[in-house]
Amino acid sequence: MNAVNTPTRGVAVGPTARRPLRARAGTAVPHVILLTYVVVACGPIALIVMNAFKSRQAIFDEPFAIPTPDTFDVSGFQTVFERAQFELYFLNSFIVTVSTIFLVLLLGSMAAFALAEYRFAGITALSLYMALGIMIPIRLGTVGILDLMVRIGLVNSLFGLVLVYTAMGLPLAVFVLTMFFKQVPGDLKDAARIDGASEYRVYRIAAPLVRPGLAAIGVYTMLPIWNDLWFPLILTPGESARTVTLGAQLFLGQFVTDWNAVLAVLTLAALPMMALFIIFSRQFIRGLTSGAIK
Amino acid sequence: MSRLRDSVPPDEVGTTTVATGADAVATPPAAPPRRRRFRTHLLVFIAPAAAIYTVFMVYPLLDSLRLSMFAPSDGGQVFVGFDNFVHLLTDDLLASAFWNAVWNNLVFFAVHFFVQNPIGLLLAALLAGPALKGRATYQALLFIPTTLSVVIVGFIWQLIISPIWGFVDTPLLGQSSTALVTLALMSVWQYIGIPMILFYAVLISIPDELTEAARVDGAGGWSTFWRVKFPLLLPTVGVVSVVTYVANMNAFDLIYTVKGALAGPDFASDIMGTFFFRTFFGFQLQEGSSTMGATVATMMFLLILAGVLLYFYGWQRRVESYQL
Amino acid sequence: MSKRLRRLVPITGAALLLLAACGESVDPRENTDNAGDDGSDGSDGGSGDQVTLLMESWRNDDLAIWEDVILPAFHEQHPDIRVEFRPTAPDEYDAALDAKLSGGTAGDLITCRPFDVSLRLYDEGHLAPVTDLPGMDAFDDIARTAWSTDDGSETYCVPMASVIHGFLYNKAIFDELGIEPPETEEQFHEVLDTIAQNGEYAPLVMGTADQWEAATMGLQNIGPNYWKGETGRKALIEGSESFDDPQYVDAFAELASWSEYLPDGYESITYPDAQNMFTLGRGAIYPTGSWEIALFNEQADFEMGAFPPPPPEGQDTCYVSDHTDIGVGMNAATEHPEAARTFLEWTTSAEFAELYANELPGFFPMSDHDVEVQDPLAKEFLSWRDECESTIRNSYQILSRGEPNLENQLWDLSAQVLNGTIEPQQAAAEAQKGLERWYEPQQK
């Protein structure tokens with residue numbers, strides 16, 4: 001893709017070089033605007049993280065000051081770890097998120113591969129059926145889901161959450177990955193088939209080629225799951241299967257007067273996702289934009 | 001979401017399908033095995049995804065639709081047809097709460113529409129500018145709020161604009177006139193990264209020859225943007241809007257964390273999600289009802305459907321033809 | 001650059017999966033940690049015949065005290081029973097409990113909200129009757145009413161504690177300004193004016209963002225003085241008084257007069273904001289309930305005093321809201337009914353009352369055992385039981401059974417009255433209109 005893009009850009013460089021003055025002004029203004037918005041986007045988060053390390057009085061008196069040796073205080077974090085099993089919540093969120101991503105990517109790519117690769121009766125209907133879920137929020141089925149989970153005994157179980165989230169993530173995954181699979185060159189697959197590869201083998205050859213799509217879907221699936229409050233609130237209110245977001249929400253309700261603890265818990269709940277996102281952000285953005293770069 | 005489909009030029013999908021078809025003809029050896037092992041591997045590939053999707057999404061949704069036609073009676077449930085809907089729409093209390101929630105939800109969406117599109121577009125245009133240094137870093141930083149949990153977003157902003165901290169003196173979240181808009185802006189702040197990235201994807205896909213051609217014709221930067229780029233962006237604006245609409249009609253977490261299930265003051269920030277929650281689970285001394293909850297959920301579904309159809313038949317058709 | 005990153009993806013992915021795998025292998029530990037979560041493994045090998053009981057509660061603030069003091073006292077006498085305290089945040093408690101009860105995952109012991117919420121659980125068969133529980137004779141009828149069927153024939157929760165409404169004040173500020181706790185409503189306003197004129201402190205610390213404070217700590221706090229406590233509450237239930245009668249309008253009007261004394265931007269000040277403002281010394285008077293005492297003792301570094309809602313001029317009798325707030329019952333589906341009853345029986349004892357009253361100052365036991373309350377603030381609140389007539393919140397019994405729900409309506413109306421978006425007259429009329437809509441005795 002880059003190979004296609006670079007020459008185009010090369011062409012563009014020529015005429016622009018004729019206007020150095022305008023170009024110089026043109027490079028400063030975007031940075032000013034972008035930096036301003038970066039402050040708007042990240043400032044509030046920095047404010048929370050910063051105040052998490054201050055004493056209660058200091059949070060109240062000078063919310064916008066950075067912690068000094070005088071005001072430095074980590075009692076909030078102590079409260080969090082003493083009073084809530086946050087390591088357990090993290091583990092739960094990790095298990096749920098990773099298992100769901102794994103299932104969505106595996107099952108989604110398998111189905112997408114089939115929809116992109118074969119032609120069979122009812123394929124349009126099936127594609128439409130699977131795509132329907134993109135537009136219908138699963139929350140509207142909450143009554144039915146709770147009912148179903150109670151009947152099959154999956155209330156308060158992480159597995160129940162994984163199943164719901166997988167169902168929620170699949171429609172988009174199938175839809176997007178189908179388009180990615182359609183772009184995989186046919187020769188490659190056919191060459192494999194001539195070599196006697198089974199259809200499963202062909203899938204395994206094609207799957208790595210849609211990696212940008214997988215990355216984008218992975219991140220896109222991950223965020224709402226890690227951050228979901230609704231289904232944990234309804235399906236897994238018990239302590240043993242509590243996720244970070246629900247844990248944070250309940251903790252907020254519980255220690256809401258203890259600003260140190262509140263800010264500490266917000267910091268703890270936000271950082272892992274932010275770190276993961278920063279690691280994957282390029283993959284994610286490339287996945288989202290690659291269709292266009294083509 | 002379906003945003004990707006839009007980033008792909010419209011003819012793209014068609015072309016590839018044709019190409020695959022051509023492939024099948026051009027390489028006959030591949031065709032027979034496909035047909036022979038057709039059933040088993042197709043089943044293996046598709047069944048797991050289809051099964052989970054059907055059992056845990058489609059079935060509960062249909063069950064909700066079914067439940068909306070029932071009412072509790074002596075521990076069991078009896079079929080009442082459309083009575084629940086009639087009740088929801090005619091009962092003075094329920095109907096006014098329902099329409100209040102619908103209206104607020106539309107306002108909530110309108111704020112998103114009119115704020116996130118221009119800002120997202122501006123940021124995307126800047127990011128797509130030639131030779132921008134630190135592009136990837138900007139993208140990552142601007143996207144960070146999107147990665148946060150709504151619980152966190154709600155709390156952060158509640159603290160920042162609390163009169164106690166004195167940064168903002170007006171009780172924005174406490175007045176009926178400002179609460180809902182403030183909440184919507186908080187939500188825009190969080191999700192602005194998504195339209196930004198999608199607009200960006202379109203902008204970088206526009207061949208430079210097109211813009212250059214306009215420039216050669218004597219068009220300035222602004223008019224190039226409006227004449228060449230903006231029309232190409234319109235389909236994405238449509239997709240972003242419809243996706244936002246679906247998400248907004250379904251929003252709950254933010255208002256629940258900031259204003260609680262009563263969505264005060266005086267239900268000024270009550271939207272479908274919080275209304276549904278109260279109806280389904282009840283609140284404090286008020287009893288919940290799963291059948292009335294299902295009825296509200298069904299109405300939400302119909303509203304979403306109406307919006308999506310409006311998009312397909314109103315916006316997309318017109319824009320698509322404009323593009324061609 | 002991007003190639004390096006591409007290589008990073010599978011590695012990170014693998015690391016994540018590894019983490020998840022580790023997580024999976026830790027699962028068993030997690031299960032033993034929470035033995036009894038599903039009730040079925042209460043008889044797990046190792047610890048002999050010990051039975052584990054889980055206790056559901058919304059009193060998460062009390063977690064440490066239950067774990068460190070109350071439960072150990074019980075375990076000492078009953079080594080074969082282990083009770084684990086499992087609180088949920090108050091806002092989620094009822095919804096979560098409902099889901100858990102119908103899902104069969106609720107704990108063995110259930111902390112009971114007063115009146116209709118628990119009555120419904122009993123009617124649905126989730127709460128077992130405790131009418132014949134030994135020790136129940138320690139509670140009089142008033143205490144039991146909150147957890148008994150309408151005809152009083154069956155009781156389904158052991159009354160645990162009541163909370164008393166009133167005002168806390170910052171003694172340091174009162175001393176500085178040379179003011180005394182008010183004894184009449186007129187004095188109350190004088191005091192508020194004095195603090196307002198000084199300008200340094202918020203005279204009254206409360207916000208309306210969460211709505212319930214306006215009703216619970218506002219209207220239900222001062223209201224009994226207007227509607228004459230139990231007399232008015234029962235008259236509303238019988239239908240002989242209406243919510244738009246002058247005494248109710250006056251209660252709303254008095255509430256409305258508070259708004260000029262509340263902190264700036266009180267419309268968006270939440271309950272915790274207000275708690276923080278008061279304990280950090282930014283405000284002088286805090287309309288409250290006795291349940292705050294424990295937390296405030298811990299957080300405030302100044303001395304606090306308390307006074308009951310001052311009655312209007314010329315009224316000799318004072319009325320306080322002494323609200324039956326918390327009880328404990330047994331999940332009808334528990335697998336260990338004997339053990340659960342043993343625990344419930346213990347909660348009727350003098351020992352429990354003593355522990356509870358002193359470890360959680362501000363929660364007052366309702367049993368007739370002689371309990372010496374140590375905390376000076378709690379003592380002050382408790383003394384009002386002798387000085388004034390006790391009543392409970394008027395929206396809790398029966399009147400919140402229909403739509404619109406009176407309790408929820410009072411939240412909304414009280415907050416609006418304080419926000420100035422509705423007149424007291426109008427608020428009272430709205431409440432009455434709501435009652436008339438479904439409550440027969442009020443339909444005239």
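By convention in this document, chain letters (A, B, ...) are assigned in the order of the sequence lines, proteins followed by strands, and residues within each chain are numbered from 1.
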What part of [X] lies closer than 4.5 angstrom to a heavy atom of chain A: side chain, backbone, both or neither?
| X | answer |
| --- | --- |
| B:L148 | both |
| B:F280 | side chain |
| B:V58 | side chain |
| B:Y256 | side chain |
| B:I160 | side chain |
| B:L62 | neither |
| B:I192 | side chain |
| B:L122 | side chain |

Backbone of A:G144 reached by a side-chain donor or acceptor of B:D63 within 3.5 Å: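 Checked: no pair found.
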
A:Y37 side-chain N/O to B:I119 backbone N/O, donor-acceptor pair under 3.5 Å: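 The answer is no, because no donor-acceptor pair under 3.5 Å joins these two groups.
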
Min side-chain heavy-atom separation B:H41-A:Y118 under 4.5 Å: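 B:H41 reaches A:Y118 side chain to side chain.
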
Largest heavy-atom contact set with chain A, pairs under 4.5 Å, which of B:I156, B:T298, B:L67: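 Option with the greatest count: B:I156.
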
Which of A:G108, A:P171, A:S109, A:A112 touches chain B most, by non-hydrogen pairs under 4.5 Å: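 Between A:G108, A:P171, A:S109, A:A112, the count favours A:P171.
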
Distance-only side-chain donor-acceptor flag, B:Y138 / A:H31, under 3.5 Å: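 The answer is yes; a qualifying pair exists.
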
Pair A:Y129, B:T54: side-chain N/O donor-acceptor within cut-off below 3.5 Å: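 A pair is found: one side chain offers a donor N or O, the other an acceptor, under 3.5 Å apart.
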
Partner residues of A:Y165 under the side chain to side chain donor-acceptor pair (under 3.5 Å) criterion, sequence neighbours left out: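 With sequence neighbours excluded, A:Y165 shows a side chain to side chain donor-acceptor pair (under 3.5 Å) to A:D228, given in chain and number order.
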
Residue pairs involving residues 49-62 of chain B (criterion salt bridge (Lys or Arg N to Asp or Glu O under 4.0 Å); sequence neighbours excluded):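 Non-adjacent pairs meeting salt bridge (Lys or Arg N to Asp or Glu O under 4.0 Å): zero.
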
Which atoms of A:L34 approach chain B - backbone, side chain, both or neither, heavy atom under 4.5 Å: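 When you check distances to chain B, atoms from both the backbone and side chain of A:L34 fall under 4.5 Å.
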
